[in-house]
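The block underneath contains the structure these notes are about, expressed in structure tokens.
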Amino acid sequence: MTATVAIEHVEKRYRAVRALHDVSFTLEPGRLSALVGHNGAGKTTLIKLMLGLIRPDKGSICVLGENPAAGEFAGRRSLGFLPENVAFNAALTGRETLAFYARLKGSDAKQGAALLERVGLGEASRRLVGTYSKGMRQRLGLAQALLGRPRVLLLDEPTTGLDPALRLTFYEILDELRRDGATVLISSHALDELEGRAEQVLIMNRGILVADGTLAELRALAGLPIRITLKLADPVARPEWLPNDAVIAHDRCDIAVVDHAGKMRLLRQAAGDPAVTDIGVAEPTLDELYAHFLRQQERAA
Ligand SMILES: Nc1ncnc2c1ncn2[C@@H]1O[C@H](COP(=O)(O)OP(=O)(O)OP(=O)(O)O)[C@@H](O)[C@H]1O
């Protein structure tokens, strides 16, 4: 598949601060990628580079076949961007705001009304933005980012301030865009939200990309234990196939296995034993993987 965004060996400094160091990755169409990292890890700097708002000191950036920092960047019309802190003119209504951005983007102004409905601002669309709550401004920001059905959508902390209902609508909208072949990058600290949604996870630490892969790939790389919990019909009779380090308390048995093959072996044995009445499997979470890769890089540094 052809990458829509290609970042190669990018370096960026702000005077004494090294914001990015030798960062390389690609983003693909139809995929949701999560960009995660502590405060100051370099996430916003990466997004600004992709938008062409700043230039790299070294390395190259290609977005939709173009260099975003090279003057006229035609691809910008196909980019949607939601900044971390959305700021709108308080004296315009929601409708007027979207019409303004639609003109800037050269997209169909009529699409604005439908987008406002979609993000739940239909009724408030004729009210001044100055009267909107924080969550309503965030919704307006999202509608603005979606103008013109973007092929690349860059979202910086998009769900901060959204209520749970709109958060779901938000991911539904992203799913539609992805099915349509859009590339979606979300920079976020909400790891639990991204788990099961992001097809690619990029972990940044102090300007360095410390991990890049699918959740399954990162799990295989990290080799963190997979926790299996069994419920036993008779807690006194210990099944002879249980590993020595299995911990039994009452009718519950906890086992940690190190890899996929070990997990499958144990599950087959457990499923075939009538003494086991229930099985639970907990793979390492994105939170745990994130902590692991950060620790690993800090140790190496
Ligand atoms: N305009 C600037 N001038 C000087 N330093 C900057 C500037 N912008 C960012 N930095 C520094 O570059 C580093 C990366 O910042 P960046 O905003 O990219 O981080 P981030 O991962 O988006 O953080 P957060 O999660 O807090 O938004 C930080 O050390 C930050 O202080």
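In listed order, ligands and their atoms are each counted from 1. We use all heavy atoms of the structure for the numbers below, so side chains are in, but hydrogens, waters and symmetry mates are not.
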Residue pair Thr159 / Glu193, side-chain donor-acceptor N/O under 3.5 Å: yes
Pair Lys43 + Glu157: basic N to acidic O under 4.0 Å: no
Close residues, ligand 1: non-hydrogen atom nearer than 4.0 Å: Tyr14, Val17, Ala19, His38, Asn39, Gly40, Ala41, Gly42, Lys43, Thr44, Thr45, Glu84, His189
Residue pair Glu117 / Gly122: nearest heavy atoms and the distance that separates them: OE2-CA, 3.5 Å
Glu28 side chain reached by Gln200 side chain, heavy atoms, under 4.5 Å: no
Nearest heavy atoms of Ala270 and Val276, plus distance in Å: O-CB, 3.5 Å
Nearest-0.5 Å distance, NZ of residue Lys12 to CG of residue Leu20: 9.0 Å
